[in-house]
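Presented below is the structure to which this report refers.
This one's a predicted model, so the numbers in the text were calculated from it and none came from an experiment.
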Amino acid sequence: MAVLQMQRISICALKKDRKAILEKVQHMGVMEINHVLEEDEDFRRMDTAGDRLDFEKAASSADQALDVLEKYVPEKQSLLSALEGKKLIAGREYQDVSERKAALLHTVNRILSLNKETAEQRAEILKMENSIESLTPWLSLKVPMNYEGTVYTSMLIGTMPLASLEEIYQIIAEDVPEIDGADVNIIYSDQNTVYLIVFCLKRDMAKLEQVLRGRGFARPSLVCEKAPVQMKKELEERISKHNSRIKEIEQEICSYEKERDAIRILADYYRIRAEKYEVLGQLPQSERTFIISGYITEKDAGRLEKCLSDRFECVIDIEELKEDEEPPVILKNNPFSASMEGIVESFGLPQKGEFDPTTIMSFFYVFFFGMMLSDAAYGAIVAVVCFVLFKKFPRMSNGMKKSIKLFMYCGISTLVWGILFGGYFGNIVDIVSEKFFGTTVTVPALWFIPLNDPMKLLVYSMLFGIIHLFVGLGIKGYMCLKDGKVMDFFCDVVLWFLLLSGLILMLIPSDIFASIAQTQIVFPAALNTLARVFAIAGAVGIILMSGRSSKNPGLRIALGAYDLYNITGWLSDVLSYSRLLALGLATGVIASVINQMGSMLPNNIFGVIGFIVIFIVGHSMNLAINLLGAYVHTNRLQFVEFFGKFYEGGGRPFQPFHPETKYVDIKEETLS
């Protein structure tokens, strides 16, 4: 339940040790680079943009080569491969790849070149297939399509809208009656077009073509110098050669499959180098020295200082942060609460001096989540599945690991609430025992069954909500006292506690509460009087003190009255916890409906099979839907109702300089 204390660290060392120091700092991953020293005539920054872009380009090429290999030689992966995390390799293996990086980069470029050639070959094939398709109507033509005719005659070849020979001859006779001896042949036709050749005297060709064009005639887009049949054969032979080349390329690409792991390491090698050169370009450097400055946690500062001082000649300065300095934030919580840090981060990390709500929130989060899902069988399934995944995939990413642990704890909470409410796949025990065994067996609830007593659950939901909100208000009071704001603590926390406590104590013995809780509670007269005193004192105090920043008495009262109106916001917040009732009932009701649907089938082998199918499909969907609902609404109760009382967030996450790899993690400390 803490934000780790940050310090500023500055390292001044000799230029000859720059590479080794950067690699050490990068591998330890405990320092965020943040320079405060500007360039001057003594300290300047290197231009490393070109080298960094080269490294990034090499890493990108390796990634693309891996995509090509995956296309031609797919790796067998399980459905849960996303949980496996990065492969852990020995430092020696990483060193080997760095030593033969030139050869591996040549392999990468060769793979990309082959893949590009494959694309070109396929484009050529597609082009030739289109040509063959264009030639198909002309295959019965025995002469080249560009045949010029004899000494006195010419051949005109092309297409026209669908027409018969008689119609074409009629067009010629009507439009160019002076032409004598034109010979028209239709060699192919489809639904909309005729493909024809026309022989005529050379002197008549231009006029004949002009007339036919007026009726939609067009020359073919593809004109070959050989007979269409011969041209088609040549194109098919060329396609065959291209396909053979593609097979050769594919075989060569597949032969590089054995280098897949090395290429992955190569990609990460260049990625690490790019990060290193990005930082190198930020370092102020003189002729013989350089400076690294940034943030580090207090617990890691001594370790980094000792590690560098023992190996290098350097001066290390560690100092406390300035008052106006806004450092990055890193949270540190117990193993249980650490799994909820992602929830806080999604809302916003604490600002400087702000309270880390993770630990307190984590207990409420698990408590409310289990209450919303509230089925012991569902909880057991979620907890067991998450536990198995957690153990089976120990190298999953840190964020995924936290999420799995979060749902495991929520599953355990759901199991407990399910036992308290007597929910086991809804009322499956009752249904199965009655339908298949003729005797109704009921597993009793350890507390009560919400479907039988929903108002009781509503009352407890409101009670848990009030506790949740009061804790949030109490944290606000703690923060006021911690910052020495005693007046703010009294006016903004104590007075609200008095008002709210008084109103609650006045509500409990009322008829309204009795109708909801189905029970009448009677307080002693003294307690009733005390409740009124609390409520009046709190209300009057809020009206008088909430606008204390204003010296104008009228405006001060107006601001106080406006702040008192916020009591409606508290009422709205308390009513929001009715979602604990709604989600809890939804799970049980839907589960019971699914069971009832299955029980309507006949009591025979087909009915049993149908019951099992309905049971599996129905409860799987119910679990998925209500699991999502519980997650969303539990987050809402934390973000809106709880955090709204004391927490703002907006802190910047700690981003240490470390090897940001994509495929592998390296065991050894020394990276080249």
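Within a 6.0 Å sphere centred on NZ of Lys258, other residues, nucleotides and ligands contribute more than 12 heavy atoms. Within a 6.0 Å sphere centred on CD of Glu225, other residues, nucleotides and ligands contribute 12 heavy atoms or fewer. Within a 6.0 Å sphere centred on CD of Glu313, heavy atoms belonging to other residues, nucleotides or ligands number 12 at most. Counting non-hydrogen atoms of other residues, nucleotides and ligands closer than 6.0 Å to CZ of Phe347 gives a total above 12. Dense packing is recorded around CD of Glu237, with more than 12 heavy atoms of other residues, nucleotides or ligands lying under 6.0 Å away. Lys15 NZ: more than 12 foreign heavy atoms inside a 6.0 Å radius. The local environment of CE in Met128 is crowded, with over 12 non-hydrogen atoms from other residues, nucleotides or ligands closer than 6.0 Å. Taking a 6.0 Å sphere around CD of Glu287, one finds it holds 12 or fewer heavy atoms contributed by other residues, nucleotides or ligands.
Side-chain contact of Asp51 with Thr48: a donor-acceptor pair under 3.5 Å is absent, judged by distance alone. In the model, Glu325 has a side-chain atom that pairs as donor or acceptor with a side-chain atom of Tyr295 under 3.5 Å. Using modelled atom types and a 3.5 Å distance limit, the side chains of Tyr378 and Asn622 yield a donor-acceptor pair. With hydrogens and angles left out, the side-chain atoms of Gln64 and Ser60 include a donor and acceptor closer than 3.5 Å. Side-chain atoms of Thr359 and Ser362 form no donor-acceptor pair, as typed in the model, at a separation below 3.5 Å. Using a 3.5 Å distance cut-off with no hydrogens or angles, the side chains of Thr118 and Asn115 do not pair a donor with an acceptor. Using a 3.5 Å distance cut-off with no hydrogens or angles, the side chains of Arg18 and Gln285 do pair a donor with an acceptor. Side-chain polar atoms of Ser293 and Arg8 form a donor-acceptor pair below 3.5 angstrom. Tyr631 and Asn626 share no side-chain donor-acceptor pair at under 3.5 Å. For the residue pair Ser10 and Asp317, no side-chain donor N or O sits within less than 3.5 Å of a side-chain acceptor on the partner. Side-chain N/O atoms of Lys86 and Thr661 include a donor and acceptor closer than 3.5 Å.
The aromatic rings of Tyr94 and Tyr269 sit tilted relative to each other, their planes meeting at an angle between 30° and 60°.
Considering SG of Cys410 and CE of Met372, their distance stands at 10.5 Å, rounded to 0.5 Å. A distance of 12.5 Å separates CE of Met6 from CD of Glu320, quoted to the nearest 0.5 Å. Here the CG atom belonging to Asn635 is positioned 9.0 Å from the CZ atom belonging to Phe369, to the nearest 0.5 angstrom. Rounding to the nearest 0.5 angstrom, the gap separating the CD atom in Glu341 from the CD atom in Glu345 is 6.5 Å. Rounding to the nearest 0.5 angstrom, the gap separating the CD1 atom in Ile291 from the SG atom in Cys314 is 12.5 Å. Taking CD1 of Ile296 as the start and CE of Met28 as the end, the distance is 7.0 Å to the nearest 0.5 Å.
Asp268 and Lys87 are not joined by a salt bridge, as no carboxylate oxygen comes within less than 4.0 angstrom of a charged side-chain nitrogen. Ion pairing between Lys306 and Asp310 holds under the 4.0 Å rule for side-chain N and carboxylate O. The pair Arg264-Asp261 meets the salt-bridge criterion, since a charged nitrogen lies less than 4.0 angstrom from a carboxylate oxygen. No salt bridge links Glu234 with Arg238; every basic N to acidic carboxylate O contact stays at or beyond 4.0 Å. Between Arg395 and Glu84, none of the side-chain N atoms (NZ, or NE/NH1/NH2) sits under 4.0 Å from a carboxylate O, so this pair counts as no salt bridge. Using a 4.0 Å cut-off between a side-chain N of Lys or Arg and a carboxylate O of Asp or Glu, Glu248 and Arg245 qualify as a salt bridge.
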**OP:** Show the numbers, then the answer: is there a salt bridge (Lys or Arg N to Asp or Glu O under 4.0 Å) between Arg652 and Glu32?
**Re:** CA-CA 12 Å; Arg652 180 172 63 84; Glu32 178 180 309; 2.6 Å; yes
**OP:** Give the C-alpha distance, both sets of side-chain angles, the deciding distance and a yes or no for salt bridge (Lys or Arg N to Asp or Glu O under 4.0 Å) between Lys247 and Glu250.
**Re:** CA-CA 5 Å; Lys247 289 182 180 179; Glu250 290 177 349; over 6 Å; no
Original post:
Taking it one step at a time, do Tyr270 and Glu56 satisfy side-chain contact (heavy atoms from CB on, under 4.5 Å)?
Top reply: CA-CA 7 Å; Tyr270 281 114; Glu56 290 175 350; over 6 Å; no
Original post:
When you look at Met340 and Leu406, which way does the side-chain contact (heavy atoms from CB on, under 4.5 Å) test go after all the steps?
Top reply: CA-CA 6 Å; Met340 319 288 173; Leu406 166 64; 2.9 Å; yes
**OP:** Report the C-alpha separation of Asp54 and Arg273 in whole Å, then their side-chain angles, then the decisive distance to 0.1 Å, and conclude whether the salt bridge (Lys or Arg N to Asp or Glu O under 4.0 Å) test is met.
**Re:** CA-CA 10 Å; Asp54 289 341; Arg273 293 292 299 274; over 6 Å; no
**OP:** Assess whether salt bridge (Lys or Arg N to Asp or Glu O under 4.0 Å) is satisfied between Arg92 and Asp96, documenting all intermediate values.
**Re:** CA-CA 6 Å; Arg92 183 68 255 173; Asp96 290 342; 2.9 Å; yes
Please tabulate, for the side chains in residues 100-107, all donor-acceptor contacts under 3.5 angstrom to protein atoms that are two or more places apart in sequence or on a different chain.
residue	atom	partner	partner atom	Å
Arg100	NH2	Glu259	OE1	3.4
Lys101	NZ	Ser98	O	3.2
Thr107	OG1	Ala103	O	3.1

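Pairs engaging residues 300-345 under the ring-ring contact (aromatic ring centres under 6.0 Å, His included) rule: Phe336-Phe363, Phe336-Tyr409 [sequence neighbours left out]. Counting only residues at least two apart or in different chains, ring-ring contact (aromatic ring centres under 6.0 Å, His included) contacts with residues 272-294 comprise Phe55-Tyr277.
Just one of Ile292, Asn34, Ile33 meets the side chain to side chain contact (heavy atoms under 4.5 Å, CB included) condition when paired with Phe657; it is Ile33.
Taking the six-membered ring for Trp and the full ring otherwise, the centers of Trp138 and Tyr188 sit at least 6.0 Å from each other.
Among all heavy-atom pairs drawn from Gly29 and Pro656, the shortest one is O-CB, 3.4 Å.
Looking only at side-chain heavy atoms (C-beta outward), Leu583 and Leu373 stay at 4.5 Å or farther from each other.
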